[in-house]
Amino acid sequence: MASRTCDLVEPVHPAQQFDTDALLRYSSANVHGFPLSPSKFSVSQFGHGQSNPTFLIEVSSGSSVQRYVLRKKPPGKLLQSAHAVEREFQVLQALGAHTQVPVPKVFCLCTDSSVIGTSFYIMEYLDGRIFLDPQLPGLAPSRRRAIYHATAAALASLHSADVDAIGLGRYGRRDNYCKRQVERWAKQYIASTGEGKSERNPKMLQLADWLQQHIPLEDSLGETSGLVHGDFRVDNLVFHPTEDKVIGILDWELSTLGNQMCDVAYSCMPYIVDAGLGKVQQDEGFEVTGIPEGIPTQAEFLAEYCSAAKKPWPLAQWKFYVAFSLFRGASIYAGVHSRWIMGNASGGERAQRAGRKANLLVETAWSFIGRKSVLPQHPPSYATRQDHLERLENESDHLKEGGKFVPSKKVLELRKRLIKFMEDHIYPMENEFYKLAQSTMRWTVHPEEENLKELAKREGLWNLFIPFDSAARARELLFDGRNESPINKSWDCSLGAGLSNLEYGYLCEIMGRSVCAPQVFNCGAPDTGNMEVLLRYGNKEQLQEWLIPLLEGKIRSGFAMTEPQVASSDATNIECSIKRDGDSYVINGKKWWTSGAMDPRCKLLIVMGKTDFTGPKHKQQSMILVDIHTPGIHIQRPLTVFGFDDAPHGHAEILFENVRVPAKNILLGEGRGFEIAQGRLGPGRLHHCLRLIGAAERGMQMMVQRALKRRTFGKLIAEHGSFLSDIAKCRIELEQTRLLVLEAADQLDRLGNKEARGTLAMAKVAAPNMALKVLDMAMQVHGAAGLSSDTVLAHLWATSRTLRLADGPDEVHLGTIAKLELQRAKL
Ligand SMILES: Cc1cc2nc3c(=O)[nH]c(=O)nc-3n(C[C@H](O)[C@H](O)[C@H](O)COP(=O)(O)OP(=O)(O)OC[C@H]3O[C@@H](n4cnc5c(N)ncnc54)[C@H](O)[C@@H]3O)c2cc1C
């Protein structure tokens, strides 16, 4: 959790006491707006970090309290160049006055040590949050990502300052920064180790030699030079109290001009090593312990920075910069440890640990240097909004370049928005949704899901599945032919964006990348199929009662056809009876695998049963709208798919016992059930196929990311020949299947359900089988983790597997394809 800046204060340390009356007199005279004779004046000390002691001043006059921060040199004899608060004041003043770099405003600098014993300056108090732990515990993944994003942006903003223009041109030497730094910290290490001090580690001296020999050329040329903070890490940043943006960069003690890539590598330390002295046990960085969910990878963080600061990807020099950061840290810790040995270090146990930590940093530096590769060849392309948009543009170019499937501008625009929504809101929440689905509260809805639904509505990403012709029919029935509801103007957008099945295809695929996504956009099964049934076959009253709340996302629904006691892939077998009795129908039977029926929001069941047991085979069935809360409906149990119960959505086994439903709830009329089922299944099957393409694409993406960072037998997985051939084959199958599915969507639009049935059947067989293959490969590359619930792969795989059965088993579709093939031959 974050600490509020005001919670980080404690009483002034006895050794740090100073004359507060003198401070009050000085402040009243020199700080603009400082009360002249305040009713209360108090000083407390910030406990966290800083070698320059920092204090909170609170002054009250009347009912108003003003807060300031004072930063001073420590008392006692000091090295001349150290603790230079004058330089801190200079840099803060220049940045505050001339740039947008987030820094506290400075009010005055006092170099007269007769006032409180040392030089000091007074600055603005920033009321905000400080994250002391770079793992950001207690934050939602999306917030963590935002914090790291803001951190990269803050670093880029300070590095972009034009030092000549803001009067900092002489704030330090710009060239040969690393050369000077390596010499300085090597000297310091030698001075603080040896007899009677911390034990000298020969590997540290070798490290200094290695660094001297590998100083990047850009360092001597001053190409990457500019303002350097010197201690840029997340706990030196103040974040806005509620928004994830940086409002102040603190602790400028080590700032100078020099090679900015040193700042960047230092800011990446949490990925490499736990450099803090606080924790006894943990030494490894995120790359070993696992990156806390939501925090970008090192490459992503670095790419965000490079893009924002307009810096090239530091592929060739990264080893040097990281090794240098570890080297500098080791030298500092050796100094702390020596002072502890000699009895003049504060920090107790922490200082005692510093010796071990110094050696750990040296070891880590050598193992980092020994790595074959430390960064991907290219920055991850989705690292920044700009890169992200460029990538989308490139994808669009690829789509624009020709071929049969060329999405319109409108679809591309929606696709862009959808991808952004997925990245900003869906992927970061996946784990939260899973956690709830595995808890004792699993049959409840995560409140964030409802929030995201509202957001999706506002962004125009709602009900996109509704084909324009179905929307036209609903408009006719609901609005008497007008374009929008006379009562509710927002209604029009509830009928989708006027897309064809093919156009929706490009979007549905994106939603399929996450099991959680479709319902957020009100595009999840079985609701889409059920809404489609109502849109096509419902009468006005039925639309008003059931379609409107479904379109608004206020209720959810289930489709109850399959029965345990009969082979339901042949729907003529079903036995559930729907018997007319006066103004009602009475339903008796047992259903199972009614998806969505466990959801607390589920209100409607579309039940398929027989109204006639003796008529022609395909005229016996009817469909009826049933309120799930009708007496006689007994939800008996949730079913599981390989252990996944898909809570809170669920797949229910349901007993219908003398369930009495108003006769007006029959859809289209008695005996029309088969006809409706055919109409429902076309687009529904297509949606499943499209989502499966998305699931496979996610698998590909995860597979590649894993292969590029996991090493086995001395190589990255991505460097093993067997992997290369497997991934290539996966890509081929995925692209083939995508074309087939888009072709089916196109035929559905142009030729209708009946004519498109062959291609739809092919797509329905090809898509789950392809997705299973790709996801299986992705799980393999992830090792045991791939089979766990720690990644989305196992769930995506399980969901894909069900689609070799749900909406008809493969064999039934293969039968359709073969039958059409033979028919053609006979013509
Ligand atoms: C996760 C999940 C969600 C589901 N959601 C729903 C839902 O919301 N609503 C709903 O009503 N149902 C749902 N179902 C049920 C699904 O539609 C049925 O399981 C499917 O239609 C097959 O019916 P069945 O299980 O009775 O298998 P059966 O009909 O008994 O078929 C078993 C096997 O027989 C073989 N077979 C069948 N026909 C042929 C043939 N012509 N040629 C050769 N072999 C053949 C196949 O191998 C087939 O898999 C869901 C199923 C799952 C797994």
Side-chain angles (χ1 to χ4, degrees), residues 437 512 515 518-519 524-533 550 556-576 578 587 589-599 602 604-610 617 621-626 628 633 635-656 667 673-674 676-678 680-681 684-685 687-688 691-692 695 757 761 764-765 768-769 771-772 794-820 822:
V515 177
Q519 58 267 31
D527 293 317
T528 48
N530 292 340
M531 284 189 263
E532 181 74 334
V533 165
L550 275 170
R556 298 206 63 192
S557 61
F559 182 70
M561 184 196 74
T562 305
E563 299 177 2
Q565 71 284 3
V566 294
S568 303
S569 50
D570 176 357
T572 62
N573 286 338
I574 59 167
E575 294 177 347
C576 174
I578 304 176
I587 307 170
K590 189 167 198 177
K591 299 286 180 184
W592 75 344
W593 292 104
T594 304
S595 300
M598 305 293 300
D599 192 306
C602 183
L604 169 69
L605 294 178
I606 299 185
V607 179
M608 184 160 172
K610 283 188 176 166
K617 221 174 153 189
Q621 300 78 8
S622 303
M623 282 194 199
I624 190 158
L625 304 167
V626 182
I628 199 169
I633 294 184
I635 307 274
Q636 298 200 304
R637 61 172 174 146
L639 296 149
T640 59
V641 175
F642 304 115
F644 291 104
D645 58 15
D646 290 333
H649 179 67
H651 312 283
E653 183 171 299
I654 308 176
L655 182 65
F656 292 81
L667 272 166
F674 244 91
I676 300 171
Q678 293 311 315
R680 179 188 193 278
L681 288 175
R685 281 179 184 150
H687 298 170
H688 280 313
R691 284 190 288 263
L692 286 161
R757 69 189 186 285
K764 176 63 177 55
V765 176
N769 284 289
L772 284 170
H795 200 184
L796 285 172
W797 187 91
T799 306
S800 303
R801 181 61 185 83
T802 66
L803 287 162
R804 287 195 56 210
L805 280 169
D807 272 359
D810 284 359
E811 290 85 348
V812 172
H813 300 299
L814 290 170
T816 305
I817 299 163
K819 201 164 122 193
L820 289 168
L822 292 173

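As the structure lists them, so they are numbered: ligands from 1, and atoms in each ligand from 1. Since the model is a prediction, treat every value here as computed from it, not as a measurement.
Across all their heavy atoms, A771 and S800 have their closest contact at CB-OG, 3.9 Å. Residues S595 and H651 share a closest heavy-atom pair of OG-ND1, 2.8 Å. The shortest heavy-atom contact between I574 and M561 is CG2-O, 3.6 Å. Nearest approach of P768 to L803, heavy atoms of both residues: CG-O, 3.5 Å. Here the closest heavy-atom approach between residue N573 and residue A567 is recorded as ND2-O, 2.9 Å. The shortest non-hydrogen separation linking A597 to L605 is CB-CD2, 4.2 Å.
The shortest heavy-atom distance from G815 to ligand 1 is not under 4.0 Å. Residue contact check for ligand 1: V566 places a non-hydrogen atom closer than 4.0 Å to it.
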Which is it for R757 and L820 under the side-chain contact (heavy atoms from CB on, under 4.5 Å) test, yes or no, and what are the steps along the way?
-> CA-CA 9 Å; R757 69 189 186 285; L820 289 168; 3.4 Å; yes
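Scanning the protein heavy atoms around atom 24 (P) of ligand 1, the nearest turns out to be S568 N, 3.9 Å. For atom 7 (C) of ligand 1, the closest non-hydrogen atom on the protein side is W593 O, 2.7 Å. Given atom 23 (O) of ligand 1, the protein heavy atom at minimum distance is S569 N, 3.4 Å. Here the heavy atom of the protein found nearest to atom 3 (C) of ligand 1 is S595 OG, 3.3 Å. For atom 9 (N) of ligand 1, the closest heavy atom belonging to the protein is F559 O, 2.7 Å.
Polar contact check, T594 against ligand 1: no nitrogen or oxygen pair lies under 3.5 Å apart. On a distance-only criterion, M561 and ligand 1 share at least one N/O pair closer than 3.5 Å. Of the polar atoms of V641, none of the N or O atoms is found under 3.5 Å from an N or O of ligand 1, judged by distance alone. Between H651 and ligand 1, not a single N/O pair is under 3.5 Å apart.
Proximity annotation for atom 11 (O) of ligand 1: of T562, N530, V812, D570, T562 comes nearest, heavy atoms only. Between the choices K591, R801, Q565, E811, the shortest heavy-atom distance to atom 35 (C) of ligand 1 belongs to E811.
Summarising the geometry, atom CZ belonging to R685 is positioned 7.0 Å from atom NZ belonging to K764; distances are rounded to the nearest 0.5 Å. Here CD1 of I635 is found 7.5 Å from SG of C602. Values are rounded to the nearest 0.5 Å.
With S557 as the partner, the side-chain hydrogen bond (donor to acceptor under 3.5 Å, both in side chains) test is satisfied by one option alone out of N530, D599, T528: N530.
Legend: salt bridge (charged side-chain N to carboxylate O under 4.0 Å, His left out) pairs involving residues 804-816, not counting sequence neighbours, sorted by first then second residue: R804-D810. Judged as a salt bridge (charged side-chain N to carboxylate O under 4.0 Å, His left out), the pairs with a partner in residues 644-656 (not counting sequence neighbours) are, in order, R442-D645, K590-E653, R637-E653.
Less than 4.0 angstrom separates atom 32 (C) of ligand 1 from none of the non-hydrogen atoms of the protein. The presence of a protein heavy atom under 4.0 Å from atom 28 (P) of ligand 1 is confirmed. For atom 17 (O) of ligand 1, a protein non-hydrogen atom is found at a distance below 4.0 Å. Distance screen at 4.0 Å: atom 20 (C) of ligand 1 has a protein heavy-atom neighbour inside the cut-off.
Listed by atom number, the atoms of ligand 1 under 4.0 Å from P809 heavy atoms are 48 (C), 49 (O). Counting the atoms of ligand 1 from 1 in the order shown, those under 4.0 Å from a heavy atom of L805 are 20 (C), 21 (O), 49 (O). Of all atoms in ligand 1, listed by their number and element, those nearer than 4.0 Å to a heavy atom of D807 are 17 (O).
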